[in-house]
Number of protein chains: 4
Amino acid sequence: MQLNFNSPKPIYLQMVDEVKKALARGELSPGDKIPSHKERAQISQVNPNTVMRAYQEMEREGLTETLRGQGTFIKNDPAILSIIRSEMAKSAVEQFIVEMRALGIEPEEMAQLLQDTLQNGPKEG
Amino acid sequence: MQLNFNSPKPIYLQMVDEVKKALARGELSPGDKIPSHKERAQISQVNPNTVMRAYQEMEREGLTETLRGQGTFIKNDPAILSIIRSEMAKSAVEQFIVEMRALGIEPEEMAQLLQDTLQNGPKEG
Amino acid sequence: MQLNFNSPKPIYLQMVDEVKKALARGELSPGDKIPSHKERAQISQVNPNTVMRAYQEMEREGLTETLRGQGTFIKNDPAILSIIRSEMAKSAVEQFIVEMRALGIEPEEMAQLLQDTLQNGPKEG
Amino acid sequence: MQLNFNSPKPIYLQMVDEVKKALARGELSPGDKIPSHKERAQISQVNPNTVMRAYQEMEREGLTETLRGQGTFIKNDPAILSIIRSEMAKSAVEQFIVEMRALGIEPEEMAQLLQDTLQNGPKEG
DNA sequence: GTGGTCTAGACCACC
DNA sequence: GTGGTCTAGACCACT
């Protein structure tokens, strides 16, 4: 779980995103139990209140459900996985295009730069 | 100059980015004078102090230089343009890849999704 | 913390210097927490925003680091102390020499004047 | 005439100091005519009003005198030279000592650092 | 008018 | 309470 404490994006929203990504990656599956907020707080070195808020947000988005006394679970709806994955992918792609357009970069160059970085990028720092 | 007053990203940083993008797009050139902070404040419906902060940030990054009583200017260094452009493009590409990887999406699919969106993007819903 | 409200040097920069000097003198150590900007503001009879600006400047110079909601700390890097001390000493010495040279004073006389003042300095006027 | 346009010290005061230093160095002598404010403004790339202010300040300090229609002259008082020189030297030495003490540096080390820099300093950037 | 500092006070996210 | 942004308005030095 990657949290950036200096990002202007609130930590609780970063936590929500991280859960969604774990789902998309298949590291988490519908029906899975997620750690209690206290446990999560310890693991992530974050205030329990912040985790609570993240869990509330996920609940609100219909991503999780809480069973009294049993804990919090990813909603057991198989569709959820592909919806989240494609939603987040779509938004990442669109944001990328917007950003590149703002730099005056044309579609061909976008694709080119993407290819270049995918091939060579990881090599250098 | 697009400012999102609801973004968690501070306005003054958004303003810095906007100047960089205008430079990358060629709408601003090395040596150009940028509006005084008071003028900019009026145009963008923002407090002059907020603009000052953006301008100071640019100064600190070496993007602009200030002449007492005359105004603020894009640094008159031809190299600045391509540096900024490639820097920002690189960071956008890398962020995109990181984001997609976090979703468990492989390079081939990244490129595919990018192509699809570039061609059909505007037809949404 | 000595602040000169009539100096043309901005208060926030004076505050940065004061912290560096306290470090050099050993009154502050790497890892130490420094007062919150609000507390410091009260102590120094200065506006909290002015202190914030000083703290941000230190952060930017790599002198301190901030933990969200916990406070601001001198960077816990033992090297920082000697770096700051020698940096500031070097700059003071160089400024002194430049100043004296500008008065047409030769090295021998510089050393002599320094000795004289160190011995008799306090007996003034 | 070295002017630092980014220094917090007002330019007109920097100009006064520069004249004093030229006197101390012997490049200017009591009775010498100094350039008209317009000429000085052109040479130093400074606004004529700023030069005016510097000249007024020097007049006020009794350093210069103005003869209607003839220009501004260093006061023709031979004593002026040594007074200014020793005054400025004294203040430089004292400021140096204060600065070094603030860093917790003892007299012996002050003298040592001064010697070192006088011998090796100029060699390295 | 231009850059720049400072004050005062509101508001927010996180601990 | 802690860091941090934003607004509003005063004041200053320099052009």
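Order of the sequence lines sets the chain letters (A, B, ...), proteins ahead of strands, with each chain counted from 1.
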Please determine whether the number of non-hydrogen atoms from other residues, nucleotides or ligands lying under 6.0 Å from atom [atom1] of [X] exceeds 12.
| X | atom1 | answer |
| --- | --- | --- |
| Arg25(A) | CZ | yes |
| Lys33(C) | NZ | yes |
| Gln42(B) | CD | no |

Hey, does the side chain of [X] come within less than 4.0 Å of [N]'s phosphate (OP1/OP2), counting only N and O?
| X | N | answer |
| --- | --- | --- |
| Tyr12(B) | dT5(F) | yes |
| Thr50(A) | dC15(E) | yes |
| Gln56(C) | dT5(F) | yes |
| Arg53(C) | dT5(E) | yes |
| Thr66(B) | dT2(E) | no |
| Thr72(B) | dT2(E) | no |

_Short side-chain donor-acceptor distance under 3.5 Å, Glu59(A) and Thr66(A)_ =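 Yes, Glu59(A) and Thr66(A) have a side-chain donor paired with an acceptor closer than 3.5 Å.
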
_Qualifying residue, where the test is side chain to side chain contact (heavy atoms under 4.5 Å, CB included) with Val51(D) and the options are Lys38(D), Arg40(D), Glu39(D), Gln56(D)_ =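 With Val51(D) as partner, side chain to side chain contact (heavy atoms under 4.5 Å, CB included) holds for just one option, Arg40(D).
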
*asked:* Among Gln14(B), Gln45(B), Lys9(B), exactly one meets side chain to side chain contact (heavy atoms under 4.5 Å, CB included) together with Leu3(B). Which residue is that?
replied: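 Exactly one candidate clears the test, Gln14(B).
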
For the pair made of [atom1] in [X] and [atom2] in [N], what is the distance, rounded to whole Å?
| X | N | atom1 | atom2 | result |
| --- | --- | --- | --- | --- |
| Leu13(A) | dA13(E) | CG | P | 10 Å |
| Lys33(C) | dC15(E) | NZ | C1' | 12 Å |
| Asn47(A) | dT2(F) | CG | C1' | 13 Å |
| Asn4(C) | dC6(E) | CG | P | 12 Å |
| Glu59(C) | dT5(F) | CD | P | 11 Å |
| Leu3(A) | dC14(E) | CG | P | 11 Å |
| Asn6(C) | dT5(E) | CG | C1' | 14 Å |
| Gln42(B) | dA8(F) | CD | C1' | 14 Å |

_Categorize Asn49(C) for me: base, sugar-phosphate, or nothing, with a 4.0 angstrom heavy-atom threshold over every strand shown._
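The answer is base, as Asn49(C) lies within the cut-off (heavy atoms under 4.0 Å) of a base atom.
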
*Return the 5'-most residue of the pair Gln14(C), Gly71(B) with respect to DNA chain E, ranking by each residue's nearest nucleotide.*
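Closer to the 5' end of DNA chain E: Gly71(B).
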
*Quick one: on DNA chain F, does His37(C) or Pro8(D) contact a more 5' nucleotide (nearest heavy atom)?*
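Residue closer to the 5' terminus by nearest nucleotide: His37(C).
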
*Find which nucleotide of DNA chain F each of Gln45(B) and Lys38(C) is nearest to by heavy atoms, and output the residue with the more 5' nucleotide.*
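Looking at the nearest nucleotide for each, Lys38(C) comes out on the 5' side.
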
Closest nucleotide among [options] to the [X] side chain:
| X | options | answer |
| --- | --- | --- |
| Val46(B) | dC6(F), dT7(F), dT2(E) | dT7(F) |
| Phe5(D) | dC15(E), dT15(F), dC6(E) | dT15(F) |
| Pro10(B) | dC6(F), dG3(F), dT2(E) | dC6(F) |
| Ile11(A) | dG9(E), dC14(E), dG3(F) | dC14(E) |

*Taking NZ, NE, NH1 and NH2 as the nitrogens, is one of them in Glu87(D) or Lys90(D) under 4.0 Å from a carboxylate oxygen of the other?*
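Judged by the 4.0 Å cut-off on N to carboxylate O distance, Glu87(D) and Lys90(D) do not form a salt bridge.
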
*Answer yes or no: is there a side-chain heavy-atom contact under 4.5 Å between Glu61(A) and Val16(A)?*
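With C-beta onward as the side chain, the pair touches.
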
*When Watson-Crick pairs (N1 to N3 and N6-O4 or O6-N4) and G-U wobble pairs (N1-O2 and O6-N3) count only below 3.5 Å on both distances, what is the dot-bracket string of DNA chain F, with | for other-strand pairs?*
||||||||||||||.

